[in-house]
Amino acid sequence: MNFTVLIPARLGSTRLPGKVLLDVAGLPMIEQVRRRGLESGAERVVVAADDPQIVERIRDFGGEALLTSTAHRCGSERLAEAARRLGLADDEIVVNLQGDEPGMDPALIRAVAEILAPASVPVATVAVPIRTAAELLDPHAVKVALAEDGRALYFSRAPIPWRREDFPPASAAMPSPGSHWRHLGLYAYRHAFLQTYAAWPPTALEELEALEQLRILEHGYSILVHRAQQAPVAGVDTAEDLERVRRSFAAHRLSAAVPEPRLGCP
């Protein structure tokens, strides 16, 4: 199947300025992200940037990048501009890969495109199981409640769903495995819907929860959720996150360099 990966990249960052150009395993972070997109088997991978420095660095590595407007309020608007300028067909599948996810699993990028391809819904995303009470209660871990057919019912920073008998959540034990899912910010859209979505103003629930995907549900559209069992290396928001990702890359390189044990006599 054919799909395009678009990577929104913004140079400014409140908690870690210029993070997409910081080094991760010898490459700028944004170039590591672009390589994950290429490894997914996408037909095309394009960085949609708000600053010429990002465009120049990607082109230094032979990649494709577009300089987009600095006025966009969110990554989806940046992607919509890039998709228009690339002349993508209305039914083209566009995967939104965040520019601060150098450890994203390429298999997940492909999986979210594949689950959307035969579906009648215009958007797909990814979730992984929540395995600890701390994660369930963490407002930075976005939860998603799912219907039996795999569509998202609601997204929240609160611990949803929740047994009435266990309220308040802070005093409750971890619910049974498989009952709670954490949303990952990886999306696939059909191009025509991406343009529609990016043109909508923010909605009430979206602003209340600070979750952009609620805009889709509030307008009556469905989001199909691919359920993966293993979460990828988390993205980078802070200096501490950056060091964690660097350690993960270093450990991966070290393990890859260790030869497999030989069997039998030498």
Side-chain angles (χ1 to χ4, degrees), residues 5-40 45-61 63-82 95-106 108-109 125-126 128 134-135 137-143 155 157 182-187 198 202 206-207 209-213 231-254:
V5 170
L6 296 183
I7 305 170
R10 189 170 60 90
L11 192 62
S13 173
T14 303
R15 288 185 282 181
L16 188 61
K19 66 179 177 180
V20 296
L21 294 182
L22 297 177
D23 180 88
V24 174
L27 294 172
M29 183 190 303
I30 190 63
E31 173 60 14
Q32 289 284 10
V33 176
R34 188 182 74 88
R35 295 187 182 198
R36 303 296 86 77
L38 293 171
E39 291 163 4
S40 74
V45 179
V46 184
V47 173
D50 75 339
D51 191 282
Q53 295 179 68
I54 302 172
V55 174
E56 290 168 8
R57 293 300 286 138
I58 290 297
R59 290 177 179 171
D60 286 344
F61 290 98
E64 189 175 3
L66 291 174
L67 182 62
T68 57
S69 170
T70 59
H72 294 309
R73 297 166 296 178
C74 60
S76 299
E77 291 181 2
R78 194 172 309 284
L79 257 62
E81 179 192 342
V95 175
N96 180 350
L97 175 59
Q98 299 299 317
D100 57 5
E101 296 274 2
M104 178 57 68
D105 184 353
L108 279 183
I109 300 171
T125 191
V126 180
V128 294
E135 185 179 18
L137 298 174
D138 183 358
H140 299 294
V142 177
K143 276 66 70 174
F155 297 85
R157 298 184 183 279
R182 178 173 183 165
H183 176 237
L184 303 183
L186 180 67
Y187 297 91
E206 173 189 358
E207 293 189 322
E209 293 261 20
L211 295 175
E212 187 182 0
Q213 64 270 35
V233 176
V236 176
D237 287 321
T238 66
E240 292 76 16
D241 292 339
L242 179 62
E243 292 308 311
R244 170 182 47 75
V245 168
R246 285 172 171 169
R247 289 194 299 271
S248 176
F249 270 76
H252 177 74
R253 288 204 309 273
L254 181 62

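- Gln32 places a side-chain N or O within 3.5 Å of a backbone atom of Val24 that can act as its donor or acceptor partner.
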Exercise. Any chance you could lay out the side chain to side chain contact (heavy atoms under 4.5 Å, CB included) test for Val233 and Glu101, step after step, and finish with the verdict?
Key: CA-CA 8 Å; Val233 176; Glu101 296 274 2; over 6 Å; no
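- Under a 3.5 Å cut-off, the side chain of Arg59 and the backbone N or O of Ala65 do form a donor-acceptor pair.
- Looking at Leu22 and Pro28, their side chains never come closer than 4.5 Å, going by heavy atoms from C-beta outward.
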Quiz item: How far apart are the C-alpha atoms of Arg78 and Thr68, what are their side-chain angles, what is the distance that settles it, and do they pass the side chain to side chain donor-acceptor pair (under 3.5 Å) test?
Solution: CA-CA 7 Å; Arg78 194 172 309 284; Thr68 57; 2.9 Å; yes
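- When atom types are taken as modelled, the side chain of Lys19 and the backbone of Val236 share a donor-acceptor pair closer than 3.5 angstrom.
- At a threshold of 4.0 Å, the pair Arg35-Glu31 counts as salt-bridged, since one of the basic side-chain nitrogens sits closer than that to a carboxylate oxygen.
- Taking each heavy atom of Ala48 and Ala82 in turn, the nearest pair found is CB-CB, 3.8 Å.
- The closest donor-acceptor contact from the side chain of Arg73 to the backbone of Pro202 lies at 3.5 Å or more, if one exists at all.
- In this structure, the ring pair (Phe, Tyr, Trp, His ring centres under 6.0 Å) partners of His183, at least two apart in sequence or on a different chain, are Phe155, Tyr187.
- Proximity of Val46 to Leu66: side-chain heavy atoms (C-beta onward) are separated by under 4.5 Å at one or more points.
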Practice problem: Decide side chain to side chain contact (heavy atoms under 4.5 Å, CB included) for Arg182 and Lys143; before the verdict, give the C-alpha distance in whole Å, the side-chain angles of both, and the deciding distance to 0.1 Å. | Solution: CA-CA 5 Å; Arg182 178 173 183 165; Lys143 276 66 70 174; 5.7 Å; no
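- Side-chain contact between Met104 and Leu186 is present, with heavy atoms from C-beta onward closer than 4.5 Å.
- The two atoms that bring Ala25 and Phe249 nearest to each other are CB-CD2, 3.8 Å, heavy atoms only.
- Contact of the Gln98 side chain with the Asn96 side chain is registered, since non-hydrogen atoms from C-beta on lie closer than 4.5 Å.
- Between Asp100 and Val33 there is no side-chain heavy-atom pair separated by less than 4.5 Å.
- Looking at heavy atoms from C-beta onward, Leu16 lies out of side-chain contact with Asp237 at the 4.5 angstrom threshold.
- What you find for Leu11 and Ile54 is that their closest heavy atoms are N-CD1, 3.8 Å.
- Inter-residue side-chain proximity for Thr125 and Leu184 is flagged as unmet; no heavy-atom pair is nearer than 4.5 Å.
- Residues Arg157 and Asp138 are not in side-chain contact: their nearest non-hydrogen atoms beyond the backbone lie 4.5 Å or more apart.
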Practice problem: Could you walk me through whether Glu243 and Arg246 pass the salt bridge (charged side-chain N to carboxylate O under 4.0 Å, His left out) test, one step at a time? | Solution: CA-CA 5 Å; Glu243 292 308 311; Arg246 285 172 171 169; 2.7 Å; yes
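- Judged purely by distance below 3.5 Å, without hydrogens or angles, the side chains of Gln53 and Arg57 never pair a donor atom with an acceptor atom.
- The shortest non-hydrogen separation linking Pro232 to Gly103 is CB-O, 3.8 Å.
- Considering all non-hydrogen atoms of both residues, Val45 and Gly37 come closest at CG2-C, 3.6 Å.
- One finds no salt bridge joining Asp50 and Arg10 here, because no Lys/Arg side-chain nitrogen approaches an Asp/Glu carboxylate oxygen to under 4.0 Å.
- Checked for salt-bridge contact, Arg36 and Glu39 meet the test: a charged N lies under 4.0 Å from a carboxylate O.
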Quiz item: Going through the checks in order, is the side chain to side chain contact (heavy atoms under 4.5 Å, CB included) test met by Ile30 and Leu21?
Solution: CA-CA 6 Å; Ile30 190 63; Leu21 294 182; 4.2 Å; yes
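- What you find for Gly99 and Met29 is that their closest heavy atoms are O-SD, 4.0 Å.
- For Ser69 and Glu81, the side-chain atoms include no donor-acceptor pair closer than 3.5 Å.
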